[in-house]
Enquirer: 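Structure below; questions to follow.
Note: hydrogens, waters and symmetry copies are ignored here, and every other heavy atom, side chains too, is used.
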Amino acid sequence: MQSAKKVAVVQAGSHPFDPMLTAEKGARLISEAASKKATVVVFPEAFLGGYPKGASFGSPVGKRTEEGRDEFLRYYRSAIDLGGPELTLITDAAQAHNIFVVMGVIERTAYTLYCTVLYIDPEQGLVGKHRKLMPTGGERVIWGFGDGSTLPVFKTGVGTCRYGGRGDLLGKLYAHDALGHVWQGGRCLLCAHR
């Protein structure tokens with residue numbers, strides 16, 4: 001029989017428009033999870049970069065406002081680059097505390113933002129990412145579409161894990177070898193198997 005493993009699920013919000021302050025908060029929460037003997041810690045969607053709940057970015061159908069453009073630019077600047085200091089801080093915390101981290105971020109590329117889940121191994125650093133395949137409703141105005149190239153599978157301290165989108169929901173619920181799932185807003189962020 002396998003020994004029990006602990007997965008910590010963080011329920012905490014971001015510091016709006018301040019990704020470094022949020023990364024510092026994330027590093028503290030990683031330390032706290034590790035102190036409670038967790039081997040994996042899972043953060044909410046868009047923890048780094050923030051979820052723009054209620055924001056319209058001045059984008060009614062058929063036009064954009066200057067205020068909305070400025071609001072979007074502020075949001076764009078608060079997203080993170082995967083090679084940036086915020087991710088370095090989180091990766092260093094994962095390594096220092098020997099804990100696997102699953103974290104939702106707003107990933108910034110040259111011209112597009114993505115709602116992305118990052119997978120950070122304590123020994124190897126960033127081992128995978130998954131960009132949200134289909135942003136819903138108003139999210140489509142601000143986030144790009146992911147694709148199947150970012151559907152990783154890898155080993156963690158609780159077993160083999162993979163991203164699980166809604167299309168895979170029933171298969172996971174009834175999987176005989178599943179050890180556990182971590183859900184966020186109807187979306188499976190992590191699925192551990194033997």
Side-chain angles (χ1 to χ4, degrees), residues 7-30 32-33 40-59 68-91 93-94 99-120 126-147 149-152 161-169 181-191:
V7 175
V9 178
V10 172
Q11 292 183 307
S14 305
H15 291 283
F17 306 106
D18 195 336
M20 184 51 81
L21 188 59
T22 303
E24 291 167 357
K25 179 179 183 177
R28 286 191 304 274
L29 293 166
I30 289 168
E32 181 182 334
V40 175
V41 59
V42 180
F43 285 81
E45 177 180 36
F47 180 75
L48 274 179
Y51 189 88
K53 185 174 183 177
S56 70
F57 300 106
S59 194
R69 290 176 197 275
D70 292 342
E71 182 182 23
F72 181 79
L73 181 59
R74 185 175 183 211
Y75 184 64
Y76 178 87
R77 288 178 175 157
S78 69
I80 68 160
D81 294 314
L82 295 189
E86 301 88 358
L87 187 54
T88 298
L89 182 63
I90 296 300
T91 302
I99 190 167
F100 194 96
V101 177
V102 179
M103 182 175 283
V105 305
I106 302 304
E107 175 191 359
R108 179 179 54 223
T109 64
Y111 302 104
T112 306
L113 297 179
Y114 295 96
C115 185
T116 302
V117 177
L118 300 180
Y119 301 92
I120 302 163
L126 181 63
V127 293
K129 69 178 181 179
H130 173 69
R131 291 177 173 166
K132 191 171 190 176
L133 294 175
M134 179 61 70
T136 56
E139 294 173 352
R140 293 181 190 149
V141 173
I142 54 172
W143 296 335
F145 291 65
D147 61 44
S149 69
T150 62
L151 295 171
C161 294
R162 62 189 169 92
Y163 168 80
R166 289 185 182 164
D168 199 24
L169 175 63
H181 303 85
V182 178
W183 298 91
Q184 168 76 29
R187 198 169 112 194
C188 181
L189 296 181
L190 184 72
C191 178

Enquirer: Within the structure provided, determine whether Val141 and Phe72 are in side-chain contact (heavy-atom separation under 4.5 Å).
Expert: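 Contact flag for Val141/Phe72 side chains = no.
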Enquirer: Does Arg69, at its CZ atom, have more than 12 non-hydrogen atoms belonging to other residues, nucleotides or ligands within less than 6.0 Å?
Expert: yes
Enquirer: Can you name the nearest heavy-atom pair linking Ile80 to Pro19, along with the distance?
Expert: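 Closest approach of Ile80 to Pro19, heavy atoms only: CG2-CB, 3.9 Å.
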Enquirer: OG/Ser59 to CD/Glu71 distance, rounded to the nearest 0.5 angstrom?
Expert: 10.5 Å
Enquirer: Please round to the nearest 0.5 Å and tell me the distance separating atom OG1 of Thr116 and atom CD of Glu45.
Expert: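 If I round to the nearest 0.5 Å, the distance is 10.0 Å.
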Enquirer: When rounded to the nearest 0.5 angstrom, what distance separates CZ in Phe43 from CD1 in Ile90?
Expert: 6.0 Å
Enquirer: Do you know the tightest heavy-atom contact between Pro44 and Ala12?
Expert: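 Closest approach of Pro44 to Ala12, heavy atoms only: CG-O, 3.5 Å.
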Enquirer: Determine the minimum heavy-atom distance between Gly128 and Leu126, stating which atoms define it.
Expert: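 In terms of heavy atoms, the two residues are closest at O-CD1, 3.3 Å.
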Enquirer: Would you give the length of the straight line joining atom SG of Cys115 to atom CD1 of Ile106, rounded to the nearest 0.5 angstrom?
Expert: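 Reported to 0.5 Å precision, the distance equals 4.5 Å.
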Enquirer: Kindly assign one of parallel, tilted or perpendicular to the pair Phe17 and Tyr75, based on the angle between their ring planes and the thresholds 30° and 60°.
Expert: perpendicular
Enquirer: Show, in sequence, the C-alpha distance, side-chain angles and deciding distance for Val41 and Val10, and conclude whether the side-chain contact (heavy atoms from CB on, under 4.5 Å) test is met.
Expert: CA-CA 7 Å; Val41 59; Val10 172; 3.5 Å; yes
Enquirer: If I compare all heavy atoms of Pro52 with all of Trp143, which pair ends up nearest, and what's the gap?
Expert: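 Nearest heavy atoms, Pro52 then Trp143: CD-CZ2, 4.0 Å.
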Enquirer: Within the side chain of Asp81, is there an N or O that forms a donor-acceptor pair under 3.5 Å with the backbone of Gly83?
Expert: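 No; zero donor-acceptor contacts below 3.5 Å.
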Enquirer: Begin with the C-alpha distance, continue with both residues' side-chain angles, and end with the deciding distance and a verdict on side-chain contact (heavy atoms from CB on, under 4.5 Å) for Leu89 and Met20.
Expert: CA-CA 9 Å; Leu89 182 63; Met20 184 51 81; 4.0 Å; yes
Enquirer: Rounded to the nearest 0.5 Å, how far apart are CE of Met103 and CD1 of Ile30?
Expert: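 These two atoms lie 5.0 Å from each other.
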Enquirer: Could you please spell out the steps behind the side-chain contact (heavy atoms from CB on, under 4.5 Å) verdict for Lys132 and Tyr114?
Expert: CA-CA 7 Å; Lys132 191 171 190 176; Tyr114 295 96; over 6 Å; no
Enquirer: Report the distance from atom CG of Leu21 to atom CG of Leu48, rounding to the nearest 0.5 Å.
Expert: 10.5 Å
Enquirer: Of all the heavy-atom pairs spanning Gly144 and Pro135, show the shortest one and how long it is.
Expert: O-CG, 3.5 Å
Enquirer: Please lay out, stage by stage, how Tyr51 and Glu139 fare under the test side-chain contact (heavy atoms from CB on, under 4.5 Å).
Expert: CA-CA 10 Å; Tyr51 189 88; Glu139 294 173 352; 2.6 Å; yes
Enquirer: For Leu73, give me all partners under side chain to side chain contact (heavy atoms under 4.5 Å, CB included), at least two apart in sequence or on another chain.
Expert: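 Leu73 satisfies side chain to side chain contact (heavy atoms under 4.5 Å, CB included) with Arg77 once adjacent residues are dropped.
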Enquirer: Taking all non-hydrogen atoms of both residues, which atom of Tyr76 and which atom of Arg108 are closest, and how far apart?
Expert: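 For Tyr76 versus Arg108, the nearest heavy atoms are O-NH1, 3.0 Å.
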